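In what follows, a structure is listed as structure tokens, so that the remarks can point back to it.
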Amino acid sequence: GDSVTQMEGPVTLSEEAFLTINCTYTATGYPSLFWYVQYPGEGLQLLLKATKADDKGSNKGFEATYRKETTSFHLEKGSVQVSDSAVYFCALSDINSGGSNYKLTFGKGTLLTVNP
Amino acid sequence: NAGVTQTPKFRVLKTGQSMTLLCAQDMNHEYMYWYRQDPGMGLRLIHYSVGEGTTAKGEVPDGYNVSRLKKQNFLLGLESAAPSQTSVYFCASRRAGGTDTQYFGPGTRLTVL
């Protein structure tokens, strides 16, 4: 079945540091890939997504490139801010045997704390 | 446009009690979902619905029931709560077709004593 493995946290960085959160996946089909972010006390919200190989999703200074050859979708940001402190989830949406792709499979989440 | 809302935000139950969590969305989305979030486990899908009047089991459906009588509402029921159901519950919705984004509610924190 489908699965997502992401870097275990917590990750603690100083402001303006470079961020990488690793994400690899296993899928039977040709999935779309997502990063969701959960700020303290809130629900999840989409950060970025990519729907085909070599696509780069980007938003709010974050980027991730869909690498089919390495089955990866690593999240990066060049200079983190205190306001980026949150839990980050990698997820995939795959076409199932019935031809539907309405379910997301999530990684376990990575807690990022950015200190001033 | 409120997006996805959940009621209540917090609840404490005793073992064996029942309750219903309500999810409402005003985006005319066809698909709706209930997840639970537990420390170190990420989000796990409990039940989902691909349209009014239809529901299906997700990854961890035992101990829960759902109903989707109206397109905009998705109810999650616990008939006899157990301490193992202590969790944060999230509802989500999305449009049908493609790989569209799921929109999440703010969550309900449930404690079962």
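Just so it is clear, the structure is predicted and the values come from calculations on it, not from any experiment. Throughout, protein chains are lettered first and strands after them, A, B, ... in sequence-line order, and every chain is numbered starting at 1.
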Taking atom [atom1] of [X] and atom [atom2] of [Y], what is their separation to the nearest 0.5 Å?
X: A/Leu46; Y: B/Arg94; atom1: CG; atom2: CZ; value: 12.0 Å
X: B/Glu59; Y: A/Phe106; atom1: CD; atom2: CZ; value: 11.0 Å
X: B/Thr101; Y: A/Leu47; atom1: OG1; atom2: CG; value: 11.0 Å
X: A/Leu44; Y: B/Tyr35; atom1: CG; atom2: OH; value: 9.0 Å

Subject >> Heavy-atom proximity to chain B below 4.5 Å, by part of A/Gln38 >> reply: side chain
Is [Y] reachable from [X] through a run of I, L, V, M, F, W or Y residues, each pair having side-chain heavy atoms under 4.5 Å apart?
X: B/Leu76; Y: B/Phe90; value: no
X: B/Tyr89; Y: A/Val87; value: no
X: B/Trp34; Y: B/Met19; value: yes
X: B/Leu110; Y: B/Leu22; value: no

**OP:** Any chance you could lay out the side-chain contact (heavy atoms from CB on, under 4.5 Å) test for B/Gln102 and A/Phe34, step after step, and finish with the verdict?
**Re:** CA-CA 10 Å; B/Gln102 287 191 21; A/Phe34 304 80; over 6 Å; no
Subject >> chain A interface, residue from B/Gly107, B/Cys91, B/Pro39, B/Gly40 that has the most non-hydrogen pairs under 4.5 Å >> reply: B/Gly40
Original post:
With chain A, which of B/Gln37, B/Glu30, B/Met41 has the greatest number of heavy-atom pairs at distances under 4.5 Å?
Top reply: B/Gln37
More than 12 foreign heavy atoms under 6.0 Å from [atom1] of [X]: is that the case here?
X: A/Gln81; atom1: CD; answer: yes
X: A/Lys108; atom1: NZ; answer: no
X: A/Glu16; atom1: CD; answer: no
X: B/Arg95; atom1: CZ; answer: no

Does any heavy atom of chain A fall under 4.5 Å from the side chain of [X], the backbone, both, or neither of them?
X: B/Val50; answer: side chain
X: B/Leu45; answer: side chain
X: B/Tyr103; answer: neither

Subject >> Non-hydrogen atoms of A/Lys103 and B/Tyr48 that approach each other most closely >> reply: CD-CE2, 3.8 Å
